[in-house]
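Before any comments, here is the structure.
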There are 2 protein chains.
Amino acid sequence: MAATIKDIAKMAGVSITTVSRALNNHTDVNRNTYKKIIKIAKQLNYQPNSSARNLVLKKTNTIGLVISGLTTRSGHHFIYDVICGINEQAKLRNYDVLLIGTSTQQQKEISFKDLCLKRNFDGVILAGVRTGDPYIEQAMQSDIPTVIMGVPVATAFCGSVVTEDVSGAFSAVQHLIDFGHRHILFINGHKETVVSQFRLEGYIKALNKNGIPYNDNYVAHANFEIEGGSQALESLLSHNPEATAVFCASDLMAYGAMMKCMELGFKVPDDISIIGFDGIDITEIVKPCLTTIYQDRWQMGISAVNMLLELLGGSEGYIRFMSPKLVIRESTKMLIK
Amino acid sequence: MAATIKDIAKMAGVSITTVSRALNNHTDVNRNTYKKIIKIAKQLNYQPNSSARNLVLKKTNTIGLVISGLTTRSGHHFIYDVICGINEQAKLRNYDVLLIGTSTQQQKEISFKDLCLKRNFDGVILAGVRTGDPYIEQAMQSDIPTVIMGVPVATAFCGSVVTEDVSGAFSAVQHLIDFGHRHILFINGHKETVVSQFRLEGYIKALNKNGIPYNDNYVAHANFEIEGGSQALESLLSHNPEATAVFCASDLMAYGAMMKCMELGFKVPDDISIIGFDGIDITEIVKPCLTTIYQDRWQMGISAVNMLLELLGGSEGYIRFMSPKLVIRESTKMLIK
DNA sequence: CAAGTAATCCGAAACGTTTCGGAAAAGTGA
DNA sequence: TCACTTTTCCGAAACGTTTCGGATTACTTG
C-alpha cells in the first residue's frame, strides 16, 4: 500500500542504503541522486514507517502521558491546561504524546513498568497521582525516564515539577491576615494527596508568623470539588461562627463555599472573605471574581516536557519548583471592625 | 536490556516460534512447555516489543486523536469530556490514543494523510475542525478510517458523530416561546463552524413554527467564549431593547451575556431569560444556574471510538446523530405581561 | 603515470516479532 | 506391524528501516 524505501530504490535505480542515506541527509550521496531520490519520495508521498524505524533505532519519539484520575468530574479545570502545555511543547521538540488514563485501582492491575515497556515509551510524564499510589514508587525504581507532576521526588531517572504549595498557601493566608482577618478557616483537599499536606503547612506557617494560634477545628478536608467545599463550609461555619475568612485549597471548593455562604445569608466578601487556589479560568468571570493563588498550568506542562528531555539526554532528575502567584480580585476584602 | 522472545526461547530450550505461539495462545504447543514458557516470561518480566509487533502485523492498535484548536482558551469545557470518553472506550477496546493538537494553520503545513501515515494509525478521530479546514476534505478522500466529530459526513472510510444541532436549537427556542417570549435574540458561534448554521436553522424553524417573523437584526455571531457573548449581548440589546430572551450557542457565551445583563442593570431571569448550549459543568453550579441544551460529550467520545472500530472492521461510514437535551434551570422564566 | 585520496555507492546484518509450510515424534486402529 | 492421524515443534522468511564495513570509481598531485 504505502510506499516504502524499497519502492523508491527501485524507481531511482539505487540501493535502499542510498535511499536511506539520502532521506536522512547523510553526506555521502551525490547531489543529483539525492535530488532524484527526494523527488521520487515526494511523488510517491513516502512517509517512513515508524514501526520499522523505532525497531532499529530503539527509540519511539513518544512520551507517555499517564494521568491518574483523568476522568474525575471537574478534573478538566486543572489538568487540561497541563495536557495542552505538554502537547505543544512535545510537538515543538518533535515528540508524540500518547495519553493513558489510569486510576489508583488500575495501577494495581498493571505495573508502571509493564505499562510503559509494552509501549516502548522513550519517557513518561506521570500526573494526577496521590500519595500511596503504586506508580510513584514504581516510577522511581524503574529505569524509565519519568517526570512526576505534583510529587516532589528526584532520582537518577526521575524528576518532578511541583508548585510551591507551602509558599502558595502561605501567601494566601498572609493576604487574608493583611486584610485584618484572624479567624481563618481552611478547607483543604483530601489527605491522600501530597499537595494537601504542603498547603496545610503553609497555612500554619502564616498563622504562626503572625502570632495567631492554630486551631484544629478550623480546618476541614474535602474532595477539591464544589460540593465538597460547600459541605465543608457549612460544617466549619456552624462550629466556628466567629470566622471572617476562608482559604480553600481549590477554586472549585471556593465556589462551593461561596455558594453556601450566599445560601446561608452571608455576603462575599462583605461578611466573609474567600480565597481559592489554582486560578482556573472561571475565577476571572464568575461574580464575584475570585481572589486566588494562580498556578501556571500550561507552563508546568512545558517544564515537564523540557525536564523529560533533559532526562532523556542523560542528566539526573531534579525537582522543579513553580511559584504560584497571588491574584487579588473581588472575593476578599479588608475586614472592618 | 528488556527481555525478548529470544531470551525466553533460550532459557526454555525451544525455538522462538514456539515461544511466540505459546505467548499468543496458539493451540499446538504442549501443555507443559506452555507452562514453562509462561513462567519464564513472567520471571523475565517480558513485554512484547510493540514496534516489532506492529511492523509484522501492520497494525498499531493506536488511534490518532487529532484535535484542531486544542489549545483555545476555554476549550476544555467542551472537548475535555470528549477526550475522556474516547480514552476510556479506547482502553476498553484495547486501543491506545495518541493525542495530536493541530490548528487551521498547521493543517496547511502537513497533510492529514502524511500526519497519519507517519504514525501508522489504525484509525483517526478528528475533532474541533471548522468548515473549510483542509483536514475535512483530506480525511474524506484518504483511505484512513476516520470519524469526524461535529461535521456530518459519511464515505466508505469516513463516518461522523454529530449532535442534532437543529433540533437542539429548536427546542431551546421553543422553550423560550413556551415561556411566552417572542422577542428572542440569538448569539450564535462563528460562522466558519458547521454547527453554527444548523443552530441558526433550528432557531428560525422554531420561530416559523410559532408564527414569529425572523429578524436578521436579532442574531449576532461571536466566538463561543465569554467575552464574545458579553459584547454580542450589549450590541444586540442596544439595538433591540424590546427583547426579553436570548438564546446563546454556547454556555460560555450565555454567561458572558448574563454578566453583561447584570452589568446593565437587568436581572436574569426576571428581566431577561437566557438559555445556553452545551451543558458544561458550571451550569449546574454558578448562580443563577443556566438553562441549557445538554450534550453528552462523554457519550460522543464513546460513540466515536465505537464507530471507528466498526470502520476498522470493514463497515462503511455513517452519521451518528446524538440528541441533545433541554435542561431547564434558573436562567429562564415565564414572561409576565 | 602511479599512488593516494575523496566521493559515491552497496551488500548484508540487525532490530523483535509473526507465521507459513513442513518435519519429527507419538498415538491409533486394524 | 503398517499406514495414518494427531500432537508438537522448528527453520526461514518477512515486515521496513538503519548502519557497518567495505568496494568501486573518479579526482589529485607530484
Side-chain angles (χ1 to χ4, degrees), chain A residues 1-38 40-41 44-62 94 96 113-114 116-122, chain B residues 1-38 40-41 44-62 94 96 113-114 116-122:
Chain A
M1 208 77 53
T4 76
I5 217 175
K6 271 187 200 164
D7 301 323
I8 300 178
K10 200 167 292 173
M11 286 189 67
V14 298
S15 74
I16 58 172
T17 303
T18 303
V19 176
S20 176
R21 298 180 68 77
L23 259 20
N24 291 299
N25 291 314
H26 286 215
T27 54
D28 64 348
V29 29
N30 182 281
R31 193 100 190 84
N32 288 323
T33 54
Y34 171 82
K35 278 188 199 159
K36 192 202 288 184
I37 288 170
I38 295 298
I40 296 177
L44 292 183
N45 200 8
Y46 170 79
Q47 288 290 340
N49 179 306
S50 59
S51 296
R53 203 155 202 275
N54 296 342
L55 179 58
V56 52
L57 256 26
K58 292 179 180 315
K59 185 168 186 323
T60 56
N61 268 284
T62 301
N94 232 326
D96 280 338
K113 193 158 185 182
D114 286 356
C116 299
L117 230 49
K118 174 157 48 170
R119 295 175 174 85
N120 299 123
F121 292 142
D122 288 349
Chain B
M1 207 78 54
T4 77
I5 216 175
K6 272 188 199 165
D7 302 322
I8 300 179
K10 200 168 292 173
M11 286 188 67
V14 298
S15 75
I16 60 171
T17 303
T18 304
V19 176
S20 177
R21 298 181 68 76
L23 259 21
N24 290 300
N25 293 315
H26 287 213
T27 53
D28 63 348
V29 30
N30 182 280
R31 193 100 191 85
N32 288 323
T33 54
Y34 172 81
K35 278 188 199 158
K36 193 204 284 183
I37 288 171
I38 294 299
I40 295 177
L44 291 184
N45 199 10
Y46 170 80
Q47 288 289 340
N49 180 306
S50 59
S51 296
R53 204 157 200 276
N54 296 342
L55 180 57
V56 51
L57 257 25
K58 292 179 180 313
K59 185 168 187 320
T60 55
N61 268 284
T62 300
N94 233 325
D96 280 338
K113 193 159 186 182
D114 286 355
C116 298
L117 230 50
K118 173 155 53 170
R119 294 176 174 84
N120 299 124
F121 293 141
D122 287 350

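Proteins come first, then strands; the chains are lettered A, B, ... in the order of their sequence lines, and each starts at number 1. Both backbone and side-chain heavy atoms feed into the values below; hydrogens, waters and symmetry mates do not.
The NZ-P distance, from A:K6 to C:dG11, rounds to 13 Å in whole Å. Remark: P of D:dG16 and CG of B:N49 are 17 Å apart, rounded to the nearest angstrom. In this structure, the CG atom of A:N54 is 13 Å from the P atom of D:dT19, given to the nearest Å. Following rounding to the nearest Å, B:Q47 (CD) and C:dT17 (C1') show an atom-to-atom distance of 14 Å. Taking atom CZ of A:R119 as the reference point, atom C1' of C:dT17 lies 18 Å away to the nearest angstrom. One can place NZ of B:K58 at 18 Å from P of C:dT17, the figure rounded to the nearest angstrom. If you measure from atom NZ of A:K118 to atom P of C:dT17, you get 14 Å, rounded to the nearest angstrom. Between the NE2 atom of A:H26 and the P atom of C:dC10 there is a distance of 16 Å, rounded to whole Å.
The number of heavy-atom neighbours closer than 6.0 Å to NZ of B:K59, taken from other residues, nucleotides and ligands shown, is above 12. No more than 12 heavy-atom neighbours from other residues, nucleotides or ligands sit within 6.0 angstrom of NZ on A:K10.
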Spell out protein contact along nucleotides 20-27 of chain C as letters: B when the base is contacted, S when just the sugar-phosphate is, - when no protein heavy atom is under 4.0 Å; keep the 5' to 3' order. B-------
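Mapping B:R31 and B:L57 onto DNA chain D via the closest heavy atom, the residue that lands nearer the 5' end is B:R31. Toward the 5' end of DNA chain D, the nearer of the two residues B:T27 and A:S51, judged by each one's closest nucleotide, is B:T27. Nearest-nucleotide mapping onto DNA chain C: of B:T4 and A:T18, the residue sitting toward the 5' end is A:T18. Taking the nucleotide of DNA chain C with the nearest heavy atom to each of A:V29 and A:I16, the more 5' of the two is matched to A:V29.
Of all the heavy atoms in B:A22 and B:V29, the pair that sits closest is CA-CG1, 4.1 Å. Of all the heavy atoms in B:N61 and B:N94, the pair that sits closest is OD1-O, 3.2 Å.
You'll find the side chain of B:N49 stays beyond 4.5 Å of the side chain of A:L117, heavy atoms only.
A donor-acceptor pair is defined here as one N or O able to donate and one able to accept, closer than 3.5 Å; no such pair exists between the side chain of B:S50 and the backbone of B:R53. In terms of modelled atom types and a separation under 3.5 Å, the side chain of B:N24 and the main chain of B:H26 share no donor-acceptor contact. No side-chain donor-acceptor contact under 3.5 Å links B:S51 to the backbone of A:N54. Not one N or O on the side chain of B:T62 forms a donor-acceptor pair closer than 3.5 Å with the backbone of B:F121.
Note on A:N24: only backbone sugar-phosphate atoms sit closer than 4.0 angstrom, heavy atoms only; bases stay farther off. Counting non-hydrogen atoms under 4.0 angstrom, A:Y46 reaches the backbone sugars and phosphates but no base. Using a 4.0 Å heavy-atom distance criterion, B:S50 is classed as making no nucleic acid contact.
Checking D:dT17, C:dT17, C:dC10 against the side-chain heavy atoms of A:P48 singles out D:dT17 as nearest. Closest to the side chain of A:S15, from the set C:dC15, C:dG11, D:dT17, is C:dG11. Ranking D:dC15, D:dC10, D:dT17 by closeness to the B:V14 side chain, first place goes to D:dC10.
Applying the 4.0 Å criterion to OP1 and OP2 of D:dT18, one finds that A:K59 has every side-chain N and O outside that range. Note on B:T33: a side-chain N or O is less than 4.0 Å away from OP1 or OP2 of D:dC9. Distances shorter than 4.0 Å separate some side-chain N or O of B:R53 from OP1 or OP2 on C:dT18. Phosphate proximity of D:dT17 to A:S20: absent, as no side-chain N or O sits under 4.0 Å from OP1 or OP2. Note on A:N30: a side-chain N or O is less than 4.0 Å away from OP1 or OP2 of C:dT8.
Relative to the axis of its first five pairs, the axis of the last five pairs of the helix from C:dC1-D:dG30 to C:dA30-D:dT1 sits at 40°, rounded to 10 degrees.
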Apply side chain to side chain donor-acceptor pair (under 3.5 Å) to A:T17 and A:S20, showing your working. CA-CA 5 Å; A:T17 303; A:S20 176; over 6 Å; no
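Screening A:D7, A:T4, A:V14 for a side-chain contact (heavy atoms from CB on, under 4.5 Å) involving A:V19 leaves a single residue, A:V14.
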